[in-house]
Protein chains: 2
Amino acid sequence: MVTDPTGRGDLFSPDCPTRQLLDRIGDKWTSMAVKVLAERHPGTVRFSDLRRAMPGISHKMLSQTLQKLAADGLVTRRVDDTLPPSVHYGLTDLGRSLEEPLAVLREWAEAHMAEISAHRGVHA
Amino acid sequence: MVTDPTGRGDLFSPDCPTRQLLDRIGDKWTSMAVKVLAERHPGTVRFSDLRRAMPGISHKMLSQTLQKLAADGLVTRRVDDTLPPSVHYGLTDLGRSLEEPLAVLREWAEAHMAEISAHRGVHA
DNA sequence: CTGTATCCTCCAAGATACTG
DNA sequence: CAGTATCTTGGAGGATACAG
């Protein structure tokens, strides 16, 4: 557990890097991309594969999402310099290590979805 | 692991309820509120306490966040009908069960923050 | 003190078109 | 096929004022 030297949990400062990181990995598309990549063999997934696997994502969003993931060292990017070019993505070790925490959250959501729906219904 | 009967992971449908739920709990303020409430005794936290504990959140956002959490059955809300009125919040059992998965994610972020910062720096 | 309603701003994200 | 650039917009979220 990290607590900063001032005595305040630094997670609660708006400009805390860890909080920003959390915002990013909590992102819908980010977590989804990590899951898709985790389910396939590293370096075998093409841009268009990802698009197909992520219904509703736009061309642009996927591009941006992958860029951020690559910039953070979570995914690898390999360009085959063919014509037309194809690009393959895969998780790094770091990226793979993120899949577990995300899975825990997904499982919680799946496990409690019904209960929550029911509760919403009651208080409609 | 839930996979729907059609053979498609239903998490990937844009209108999948579980995906919507994930979007909500991945929300910055939601996860922060759960953490704050988890760290205190149930039913002892006032609106203004939460505001102070969550730097940067606006009046409106806190109100909305708590409403959603209450609607989903994750937090309780008790109104002391005094003057001026005071309202106390606490996690339900369901809410408490969410803290663990969120903690796992926070810990991942804290553990790997340095590594990711370093990677970003390299590719500045 | 807690909460709601109104207005307003601004940016995330879609659509589209273009390049290598 | 993969990616970038431009333009546009819906809606999330802040500020403010007011009510109970």
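Below, chain A is the first sequence line, B the second, and so on; all start at residue 1. As a basis for the values below, the full set of heavy atoms in this structure was taken, side chains included, without hydrogen atoms, waters or symmetry mates.
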* Do A/R40 and A/D49 sit within salt-bridge range, that is, some charged N less than 4.0 Å from a carboxylate O? -> no

* Structure fact -> Per the under-4.0 Å heavy-atom filter, residues of residues 39-49 of chain A near DNA chain D come out as A/R46, A/F47, A/S48

* Asked: Counting N and O atoms only, with roles assigned by atom type, does the side chain of A/T76 sit under 3.5 Å from a partner on the main chain of A/G90, one being a donor and the other an acceptor?
  -> yes

* Structure fact -> Result for side chain to side chain contact (heavy atoms under 4.5 Å, CB included) between A/W108 and one of B/V104, B/L21, B/L22 points to B/L21

* To do: Have a look at the helix from C/dC1-D/dG20 to C/dG20-D/dC1 and give the angle its two end axes make, five pairs each, rounded to 10 degrees.
  => 40°

* Structure fact -> Ordered by number, residues from residues 59-68 of chain B within less than 4.0 Å of DNA chain D (heavy atoms) are B/K60, B/M61

* Asked: Is it true that a side-chain atom of B/T92 and a backbone atom of B/G73 form a donor plus acceptor pair closer than 3.5 Å?
  -> yes

* Structure fact -> Rounded to whole Å, the NZ-P distance (B/K28 to C/dA12) equals 11 Å

* May I ask you to decide if B/L94's main-chain N or O and A/H112's side chain share a donor-acceptor pair within less than 3.5 Å? => no

* **Carboxylate-amine/guanidinium proximity below 4.0 Å for A/E115 and A/R120** => no

* Asked: Are side-chain heavy atoms of B/R77 and B/V79 found at a separation under 4.5 Å?
  -> yes

* Asked: Any side-chain heavy-atom pair from B/L11 and A/E110 closer than 4.5 angstrom?
  -> yes

* Asked: 5' to 3' on DNA chain D, which nucleotides open and close the contacts with chain B (atom under 4.0 Å from a heavy atom)?
  -> D/dG13 to D/dG20

* Pairwise side-chain contact, B/R46 with B/R51, heavy-atom cut-off 4.5 Å (strictly under) -> no

* Structure fact -> Sorted by number, residues from residues 76-89 of chain A placing a heavy atom under 4.0 Å from DNA chain D are A/R77, A/P84, A/P85, A/S86, A/V87, A/Y89

* Between B/R78 and B/D80, is the closest basic N to carboxylate O distance under 4.0 Å? -> yes

* So, do B/L66 and B/F47 sit near enough that their side-chain heavy atoms are less than 4.5 Å apart? -> yes

* Return the set of residues passing side chain to side chain contact (heavy atoms under 4.5 Å, CB included) with B/Q67 (not counting sequence neighbours), or none when no residue passes. => B/S63

* Do the side chains of B/D27 and B/D23 get nearer than 4.5 Å, heavy atoms only? -> no

* Note, B/L62 side chain near B/W29 side chain (heavy atom, < 4.5 Å) -> no

* Asked: Do A/R96 and A/P42 have side chains that get closer than 4.5 Å, going by heavy atoms?
  -> yes

